[in-house]
Q: 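I have a structure here, written as structure tokens, and I will follow up with some questions on it.
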Amino acid sequence: ITTTVTLQNTKRYLMLGTIFVKPGGDLVIPAGTQLFGDKFTKATILVERGGMIHANGSADAPVIFTSSQSVGNKSAGDWGGIILLGRARINTSSGADTAVIEGITPAVYYGGNNDADNSGVLRYCRIEYSGIALSANNEINGLTMGAVGSGTTIEYIQVSWNGDDSFEWFGGTVNCKYLVSYIPVDDEFDTDFGFRGKVQFGLGVRKPSVADISGSTHFESDNNNAPNYNSPRTQPIFTNMTSIGPKQYD
């Protein structure tokens with residue numbers, strides 16, 4: 001997608017493979033639109049640096065991203081998820097100001113020096129049965145945010161039955177409100193690489209029998225993948241968060 005593409009809420013859309021929103025592109029998704037991710041091609045929406053998405057749902061008519069599998073056969077990891085990439089600052093072990101996002105081939109970069117960068121709007125969206133753990137530390141989450149800046153609006157998002165983390169931030173400064181994580185396989189809220197945004201009003205609901213080998217927690221937070229003091233440091237602020245039903249250990 002290289003220009004403005006506006007979907008229609010009177011149609012149902014099948015997502016195949018990785019859908020790239022390139023610099024200058026804008027994917028506009030009206031309230032009430034339904035999109036279905038293909039399992040066999042690992043459908044994923046990826047908004048690159050300089051691209052935008054405007055998925056602006058409402059309480060009565062959310063935008064729904066779900067599996068294309070038939071009712072009764074949907075399960076975690078049926079499709080990839082949504083990846084937003086921006087130009088805000090990140091922290092890497094090498095000190096570079098850019099990095100390659102996980103789970104995507106060919107390589108796509110995120111990061112820069114604009115903490116106020118704007119990747120668009122995600123409001124009143126449901127992301128269901130997504131999230132693929134391709135290999136160790138190479139995963140597509142329900143909603144992945146790489147260096148997303150504070151000009152971006154993310155609020156009223158529910159990620160349900162996700163095959164990896166529900167929400168993961170790789171650096172950036174985006175502020176998020178009203179996030180719901182419902183029975184993911186891995187973590188609810190994961191922060192890395194110098195994320196410095198604020199998250200308010202979050203709910204994580206777990207099922208004791210659903211977890212992966214990592215242990216699967218409400219929060220996972222790291223600075224980067226090497227023991228150094230590179231900046232910006234990971235310093236998220238979470239307020240008004242509720243966690244229900246952590247994994248039970250024998």
Side-chain angles (χ1 to χ4, degrees), residues 18 20-21 23 42 44-51 80-119 130-152 154 159 162-176 179 181 184-199 202 211-238:
T18 303
F20 293 89
V21 182
K42 299 180 175 64
T44 301
I45 294 177
L46 188 148
V47 180
E48 297 187 28
R49 294 182 295 176
I82 299 175
I83 301 174
L84 301 184
L85 304 181
R87 296 192 177 102
R89 291 183 301 144
I90 63 173
N91 171 5
T92 60
S93 56
S94 67
D97 60 2
T98 62
V100 175
I101 197 62
E102 297 178 0
I104 297 296
T105 304
V108 180
Y109 287 83
Y110 65 98
N113 57 14
N114 181 10
D115 281 347
D117 194 34
N118 184 359
S119 296
S130 57
I132 301 174
L134 300 169
S135 60
N137 298 315
N138 185 31
E139 303 139 347
I140 302 175
N141 306 287
L143 178 56
T144 301
M145 291 157 279
V148 177
S150 60
T152 309
I154 297 178
V159 178
N162 191 66
D164 199 68
D165 298 333
S166 293
F167 301 90
E168 184 160 7
W169 295 263
F170 293 92
T173 53
V174 63
N175 300 315
C176 307
L179 304 184
S181 168
V185 172
D186 201 0
D187 308 310
E188 264 91 14
F189 305 99
D190 192 343
T191 61
D192 308 277
F193 285 21
F195 173 57
R196 289 153 290 131
K198 299 176 182 178
V199 180
D212 66 13
I213 60 174
S214 73
S216 303
T217 60
H218 188 70
F219 293 104
E220 179 181 345
S221 187
D222 306 281
N223 198 43
N224 58 48
N225 56 6
N228 61 54
Y229 295 95
N230 292 347
S231 61
R233 303 296 298 275
T234 299
Q235 291 182 305
I237 297 176
F238 287 90

Q: With E48, which residues qualify under salt bridge (Lys or Arg N to Asp or Glu O under 4.0 Å), at least two apart?
A: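 Listed in chain order: K22.
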Q: Strictly distance-based, threshold 3.5 Å: is any side-chain N or O of N175 a donor or acceptor partner for the main-chain N or O of G197?
A: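 Looks like no, no N/O pair under 3.5 Å.
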Q: Can you list the residues that meet the side-chain hydrogen bond (donor to acceptor under 3.5 Å, both in side chains) rule with S231, with sequence neighbours excluded?
A: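 Residues passing side-chain hydrogen bond (donor to acceptor under 3.5 Å, both in side chains) with S231: none at all.
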Q: Which residues pass the side-chain hydrogen bond (donor to acceptor under 3.5 Å, both in side chains) test with D117, not counting sequence neighbours?
A: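 side-chain hydrogen bond (donor to acceptor under 3.5 Å, both in side chains) check on D117 returns nothing, list empty.
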Q: Measuring from I45:CD1 to I82:CD1, what's the distance to the nearest 0.5 Å?
A: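 Going from CD1 on I45 over to CD1 on I82, the span is 5.0 Å.
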Q: Could you tell me the separation between the CZ atom of R196 and the CD atom of Q235, rounded to the nearest 0.5 Å?
A: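 R196 CZ to Q235 CD: 8.5 Å, rounded to 0.5 Å.
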Q: Partners of D222 by side chain to side chain contact (heavy atoms under 4.5 Å, CB included), sequence neighbours excluded?
A: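 D222 satisfies side chain to side chain contact (heavy atoms under 4.5 Å, CB included) with D190, D192, E220 only.
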Q: Go through the structure and list residues passing side chain to side chain contact (heavy atoms under 4.5 Å, CB included) with S166, not counting sequence neighbours.
A: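 V159, N162, S181, P184.
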Q: Listed by chain and number, what are the ring-ring contact (aromatic ring centres under 6.0 Å, His included) partners of F167, not counting sequence neighbours?
A: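 For F167 the ring-ring contact (aromatic ring centres under 6.0 Å, His included) partners, ignoring immediate neighbours, are F189.
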Q: Taking all non-hydrogen atoms of both residues, which atom of A88 and which atom of G172 are closest, and how far apart?
A: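 It is CB-CA, 3.7 Å.
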Q: Would you say D165's side chain and D187's backbone share a donor-acceptor pair under 3.5 angstrom?
A: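 It does hold such a pair.
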Q: Measure the spacing between CD1 of I132 and CG of D164 and express it to the nearest 0.5 Å.
A: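 I132 atom CD1 to D164 atom CG measures 10.0 Å (nearest 0.5 Å).
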Q: What pairs with T191 under side-chain hydrogen bond (donor to acceptor under 3.5 Å, both in side chains), at least two apart in sequence or on another chain?
A: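 Once residues adjacent in sequence are excluded, the partners of T191 under the side-chain hydrogen bond (donor to acceptor under 3.5 Å, both in side chains) criterion are S221.
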Q: Do V199 and I237 make a side-chain contact, defined as non-hydrogen atoms from C-beta onward lying under 4.5 Å apart?
A: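 The answer is no, as the side chains (C-beta and beyond) never meet within the 4.5 Å cut-off.
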Q: What heavy-atom pair brings V47 and L84 nearest, and what distance separates the two atoms?
A: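 That would be CG2-CD2, 3.7 Å.
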Q: Yes or no on side chain to side chain contact (heavy atoms under 4.5 Å, CB included) for D97 and I90, after CA distance, side-chain angles and deciding distance?
A: CA-CA 6 Å; D97 60 2; I90 63 173; 5.6 Å; no
Q: Keeping N230 on the side-chain end and T92 on the backbone end, is there a donor-acceptor pair under 3.5 Å?
A: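 Checking the backbone N and O of T92 against the side chain of N230, a donor-acceptor pair under 3.5 Å is found.
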Q: Distance-only check: which donor-acceptor pairs under 3.5 Å involve side-chain atoms of residues 143-150, not counting sequence neighbours?
A:
{"from": "T144", "atom 1": "OG1", "to": "N141", "atom 2": "N", "distance (Å)": "3.3"}
{"from": "T144", "atom 1": "OG1", "to": "N141", "atom 2": "ND2", "distance (Å)": "3.1"}
{"from": "S150", "atom 1": "OG", "to": "D115", "atom 2": "O", "distance (Å)": "3.2"}

Q: Tabulate below the donor-acceptor pairs under 3.5 Å that side-chain atoms of residues 103-113 make, not counting sequence neighbours, or state none.
A:
none

Q: Do the ring planes of F238 and W169 sit parallel (below 30°), tilted (30 to 60°) or perpendicular (above 60°)?
A: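 Perpendicular.
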Q: List the atom of S130, the atom of G81, and the distance in Å for their closest heavy-atom pair.
A: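 Heavy atoms of S130 and G81 come nearest at CB-CA, 3.9 Å.
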Q: Nearest 0.5 angstrom please: L46 CG to F20 CZ, how far?
A: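 So the gap between those two atoms works out to 6.0 Å.
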